[in-house]
Amino acid sequence: HIEAAPGTGTGGNPSTGTYGPDARINTANQYTFYGRYVGWTAVDDREPLASTFATRFLNGGPFSAGTSLLCWRDSKTNQHPFVCPATTGRPPWFPLSQEGVIIFDEQEHPVTQTAPPVSPPPPGTIFLICPAETQRVQVGGASLPVPFNFGWLYLDLNTVIAGNPNPSTDPDDAQAWVVSTYSANGRFSVGIDAIRLDSVCFPPGAQHFVP
């Protein structure tokens, strides 16, 4: 559920980190869920989502159809219609990059994948796991290759939009939502929310940390 606390904040001081109850979602220029639609004025009074997630992937055994991620990401832009298909710079924030992705096997051996955390990233950036606002991504597919059949993912989906300094308290913050689906061909499938490791509420704000 998204917390809504209209008018209950008692204000805050970002320089000292002092905030009253619910002031993080009642103070202009903080990150709120609908911030991009209300000019970052916080009049929507809605708590933002997480930006960093962890989730299992299973590509084999009973899960013969593997794992896919359902990703929603915030472009932090009040986006109007644009000409299809989407391509670099059309819309201006596309494709969305991320701060970091780590792929672990079952024994927690890591493989780190990095990309410039600015959206759109420089030409030639190839590891962009969720470049649009909504998509389904196959774990082990072309856009999310993994060296293991079983393991888990650490996903830091924060990004700064080029030319868009919002939210001004931390332009790198970027809320998102991730669901993992595990499927067996012709038999069953299940969807599970990824584990949320932070919140872009301020404080404490997004992690901006890739271990």
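Numbers here are sequence positions counted from 1. Everything numeric here is computed off the predicted structure, so don't read it as measured data.
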query = side-chain hydrogen bond (donor to acceptor under 3.5 Å, both in side chains) between S119 and T159: does it pass, once the steps are laid out?
reply = CA-CA 7 Å; S119 300; T159 186; 2.7 Å; yes

request  = Dump the intermediate steps for side-chain contact (heavy atoms from CB on, under 4.5 Å) on F104 and F148, then the final yes or no.
outcome  = CA-CA 8 Å; F104 294 89; F148 318 115; 5.8 Å; no

request  = Would you check, one step at a time, whether the test side-chain contact (heavy atoms from CB on, under 4.5 Å) holds for L70 with V178?
outcome  = CA-CA 6 Å; L70 304 178; V178 178; over 6 Å; no

request  = In sequence, state the C-alpha distance, the side-chain angles, and the governing distance for T169 and N29, and then conclude on side-chain hydrogen bond (donor to acceptor under 3.5 Å, both in side chains).
outcome  = CA-CA 6 Å; T169 51; N29 300 316; over 6 Å; no

query = Does the pair D45 and N26 meet the rule for a side-chain hydrogen bond (donor to acceptor under 3.5 Å, both in side chains), with working shown?
reply = CA-CA 6 Å; D45 302 312; N26 300 131; 2.7 Å; yes

task = Tell me, with the steps shown, if C130 and Q98 meet side-chain contact (heavy atoms from CB on, under 4.5 Å).
result = CA-CA 8 Å; C130 298; Q98 69 275 331; over 6 Å; no

query = Would V101 and D156 satisfy side-chain contact (heavy atoms from CB on, under 4.5 Å), going step by step from the backbone distance to the final call?
reply = CA-CA 6 Å; V101 174; D156 179 346; over 6 Å; no

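The pair E133-K76 fails the salt-bridge criterion, with no side-chain N (NZ, NE, NH1 or NH2) lying under 4.0 Å from an Asp/Glu carboxylate O.
The minimum heavy-atom distance between F33 and W72, with the atom names listed, is CE1-CH2, 4.4 Å. The nearest pair of heavy atoms linking T88 to P120 is CG2-CB, 4.4 Å. Closest approach of P62 to A184, counting heavy atoms only: O-CB, 3.0 Å. Annotation for P171 and P165: closest pair CG-O, 3.5 Å, computed over non-hydrogen atoms. Counting all heavy atoms, side chain and backbone alike, P117 lies closest to E99 at CB-CG, 3.8 Å. In this structure, V200 and P48 approach most closely via the heavy-atom pair CG2-CB, 3.2 Å.
Under the 3.5 Å distance criterion, the side-chain polar atoms of N158 are matched with a main-chain donor or acceptor of A174. A donor-acceptor pair under 3.5 Å is formed between the side chain of D198 and the backbone N or O of S51. R90 places a side-chain N or O within donor-acceptor distance of the main-chain N or O of V83, the cut-off being under 3.5 Å.
How far OG1 of T67 is from CG of L144: 10.0 Å, rounded to the nearest 0.5 Å. The line from CD1 of I102 to OH of Y154 is 6.5 Å long, rounded to the nearest 0.5 Å. Between the CG atom of L157 and the CG atom of D74 there is a distance of 11.5 Å, given to the nearest 0.5 Å. To the nearest 0.5 Å, the span separating CG on L153 from OG on S180 amounts to 7.5 Å. Rounded to the nearest 0.5 angstrom, S68 OG and Q135 CD are separated by 11.5 Å. Atom-to-atom distance recorded for T181:OG1 and I192:CD1 is 10.0 Å, nearest 0.5 angstrom.
Cluster annotation: W152 is not connected to V111 through the hydrophobic network of ILVMFWY side chains, with a link wherever side-chain heavy atoms come within less than 4.5 Å. Tracing side-chain contacts under 4.5 Å through hydrophobic residues (I, L, V, M, F, W, Y), one never reaches I126 starting from L128; they form parts of separate clusters. Two different hydrophobic clusters hold V179 and V190 under the rule that ILVMFWY side chains link at heavy-atom gaps under 4.5 Å. Linking ILVMFWY side-chain heavy atoms closer than 4.5 Å, directly or via other members, places W93 and V118 in two distinct hydrophobic clusters. In the hydrophobic cluster analysis, where Ile, Leu, Val, Met, Phe, Trp and Tyr join through side-chain heavy atoms closer than 4.5 angstrom, F53 is grouped together with V139.
Using a 4.5 Å cut-off on side-chain heavy atoms (C-beta onward), N164 and T77 make contact. Between P145 and F127, some side-chain heavy-atom pair lies under the 4.5 Å cut-off. No side-chain heavy atom of F94 sits under 4.5 Å from any side-chain heavy atom of L96. For the pair P147/I103, a side-chain contact is recorded, criterion being any heavy-atom separation below 4.5 Å from C-beta on. The closest side-chain heavy-atom distance from R73 to P131 is not below 4.5 Å. Within the 4.5 Å cutoff, the side chain of D172 has heavy atoms near those of the H208 side chain. Taking the side chain as every heavy atom from C-beta outward, S75 and R36 approach each other to under 4.5 Å. Side chains of L69 and R136 form no contact here, defined as non-hydrogen atoms less than 4.5 Å apart.
Between W40 and Y31, the angle of the ring planes goes over 60°, which puts this pair in the perpendicular group of the 30/60° scheme.
In the displayed structure, Y34 atom OH is contacted under 6.0 Å by at most 12 heavy atoms of other residues, nucleotides or ligands.
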